[in-house]
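Values below: all heavy atoms of this structure, side chains included; hydrogens, waters and symmetry mates excluded.
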Amino acid sequence: MGNLQVQCRGKTYNEIEFDHRQNVYLPNETISGHVSHLQATNASLVLTGVISFRKRKRHGLEKVQITFFTTECPLTSHDKQNFQLKLDEDLPPSFNDMSTYPNVTYTINLLSGNSKRQTLVSIPICVCPRITIDRPLLLTPLFFGPIENQSTNLKLEVKINRAIFTFDELIQIFYELQNPKQILILKTEISLGVYYTIQSNVYQNDISTGFENASNISSRNRLIRNKVLLNIPHKIYLPPTFKFQYEHENDGLSFQLNIEYKIQFKVFFGDNDSLWQVDIPIVLCNEKLNLDKHEQNDFVVNTNLN
């Protein structure tokens, strides 16, 4: 991150320099550096973690903002002064920016004053827990189904190369759609979505769309088989699968945050373009252990899912 100089009201300067040139930190890590040319009195550096979301009320959506983490370092000198800000363990990951709901953001603020504190500088940082999974069963092929749509007797059966993935990997999917009544299948859409659940409020964003053989679109075949590839993007920041619960006795504030990933199957059928959706949960983490090289590189689709 380096040096940061901010001019205050055209006269004074406050310079903040970090020891490490980065803005991504792990929970339980210490952010350190120094402040120099401090012109404000009664100044402090305050690091806060804030979650913002919207929840449904009877008369519409209400914006909710909860500060779930705060740590402060007082500044007592106008000369160069070192600081340390310690992150708690098990903090939730940053996700989305402040203009998108929901979001979890962390900010280092340079404040001055006593009762009415003025913000002189705001520096966003990113907190990213490093999630490592060591469960060999999750690294074997995942079989899902068959699951049946009761109104149409459509049956979906899915095979995925495994249940757990790291970022920038390829999800390999083979699916079988049984159509005993020979209903018109208009198309099948397969995508990867991230789900944020906060206090029973669910937010979903699609992050990747799969590509399949177009010959199976618009069909009355009794049996449709296809292979689909889904790429987990790496050019955008994605948080890992995560669960976090916050309770504060003094002010009564609390929330539970779940970050989940699901493969979404959307089958459009019939003359009225009806939709049947099936979601399959997977896990996204930073590192997976005990992964056999053959399983990683040579996933072979077996057309007989039984």
> Which of these passes side chain to side chain contact (heavy atoms under 4.5 Å, CB included) with Ile259: Val194, Thr241, Leu284?
Replying inline: Val194
> Honestly, is Lys159 close enough over Tyr175, meaning NZ or CZ under 6.0 Å from the six-membered ring centre and within 45° of the axis?
Replying inline: no
[Y] versus [X], side-chain donor and acceptor atoms under 3.5 Å:
X: Lys63; Y: Tyr101; answer: yes
X: Asn109; Y: Thr119; answer: no
X: Lys181; Y: Asn153; answer: yes
X: Asn231; Y: Ser208; answer: no

>> Taking side chain to side chain donor-acceptor pair (under 3.5 Å) as the cut-off, I'd like each qualifying pair that reaches into residues 83-100, sequence neighbours left out, listed once.
In response: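 Checked against side chain to side chain donor-acceptor pair (under 3.5 Å) - neighbours excluded - the pairs reaching residues 83-100 are Asn28-Lys86, Asp97-Ser99, Asp97-Thr100.
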Got [X] and [Y] here, is their nearest side-chain heavy-atom distance under 4.5 Å?
X: Gln256; Y: Phe244; value: no
X: Ile185; Y: Val267; value: yes
X: Ile51; Y: Asn103; value: no
X: Tyr196; Y: Val202; value: no
X: Ile125; Y: Thr107; value: no
X: Pro146; Y: Leu156; value: no
X: Ile280; Y: Tyr261; value: no
X: Arg54; Y: Asn201; value: no

>> If you apply the rule side-chain contact (heavy atoms from CB on, under 4.5 Å), what do you find for Val127 with Leu26, and how did you get there?
In response: CA-CA 6 Å; Val127 174; Leu26 297 172; over 6 Å; no
>> Checking Val35 against Phe83 for the side-chain contact (heavy atoms from CB on, under 4.5 Å) test, could you report, in this order, the C-alpha distance in whole Å, the side-chain angles of both residues, the deciding distance, and whether it holds?
In response: CA-CA 7 Å; Val35 180; Phe83 69 85; 3.9 Å; yes
Main chain of [Y], side chain of [X]: is a donor-acceptor contact present, judged purely on distance under 3.5 Å?
X: Arg222; Y: Pro180; answer: yes
X: Gln199; Y: Ser254; answer: yes
X: Gln264; Y: Val278; answer: no
X: Asp279; Y: Lys262; answer: no
X: Asn161; Y: Gln172; answer: yes
X: Asn221; Y: Ser219; answer: no

>> Test salt bridge (Lys or Arg N to Asp or Glu O under 4.0 Å) on Lys155 and Glu157; report intermediate values, then the result.
In response: CA-CA 7 Å; Lys155 289 184 179 179; Glu157 196 164 355; over 6 Å; no
Calculate, to the nearest 0.5 Å, the distance between atoms [atom1] and [atom2] belonging to [X] and [Y] respectively.
X: Ile263; Y: Ile173; atom1: CD1; atom2: CD1; result: 4.0 Å
X: Gln245; Y: Asn258; atom1: CD; atom2: CG; result: 9.0 Å
X: Phe53; Y: Thr197; atom1: CZ; atom2: OG1; result: 12.0 Å
X: Gln277; Y: Phe268; atom1: CD; atom2: CZ; result: 8.5 Å
X: Arg225; Y: Leu177; atom1: CZ; atom2: CG; result: 11.5 Å
X: Thr140; Y: Ile164; atom1: OG1; atom2: CD1; result: 11.0 Å

>> Before you tell me yes or no, could you show the steps for Lys80 and Glu17 under salt bridge (Lys or Arg N to Asp or Glu O under 4.0 Å), namely the whole-Å CA-CA distance, both residues' side-chain angles and the distance that decides it to 0.1 Å?
In response: CA-CA 10 Å; Lys80 183 177 178 179; Glu17 184 173 350; over 6 Å; no
> If you draw a 6.0 Å radius around CD in Glu247, do more than 12 non-hydrogen atoms from other residues or ligands fall strictly inside?
Replying inline: no
>> Set out, in order, the CA-CA distance, both residues' side-chain angles and the distance that settles side-chain contact (heavy atoms from CB on, under 4.5 Å) for Lys55 and Ser200, then state yes or no.
In response: CA-CA 9 Å; Lys55 65 178 181 180; Ser200 301; over 6 Å; no
>> Check this for me: does any side-chain nitrogen of one of Arg130 and Glu29 sit under 4.0 Å from a carboxylate oxygen of the other?
In response: no
> Looking at Phe68 versus Tyr106, is the centre-to-centre ring distance below 6.0 Å?
Replying inline: yes
>> Restricting to ring-ring contact (aromatic ring centres under 6.0 Å, His included), what partner residues turn up for Tyr246, sequence neighbours left out?
In response: Phe255
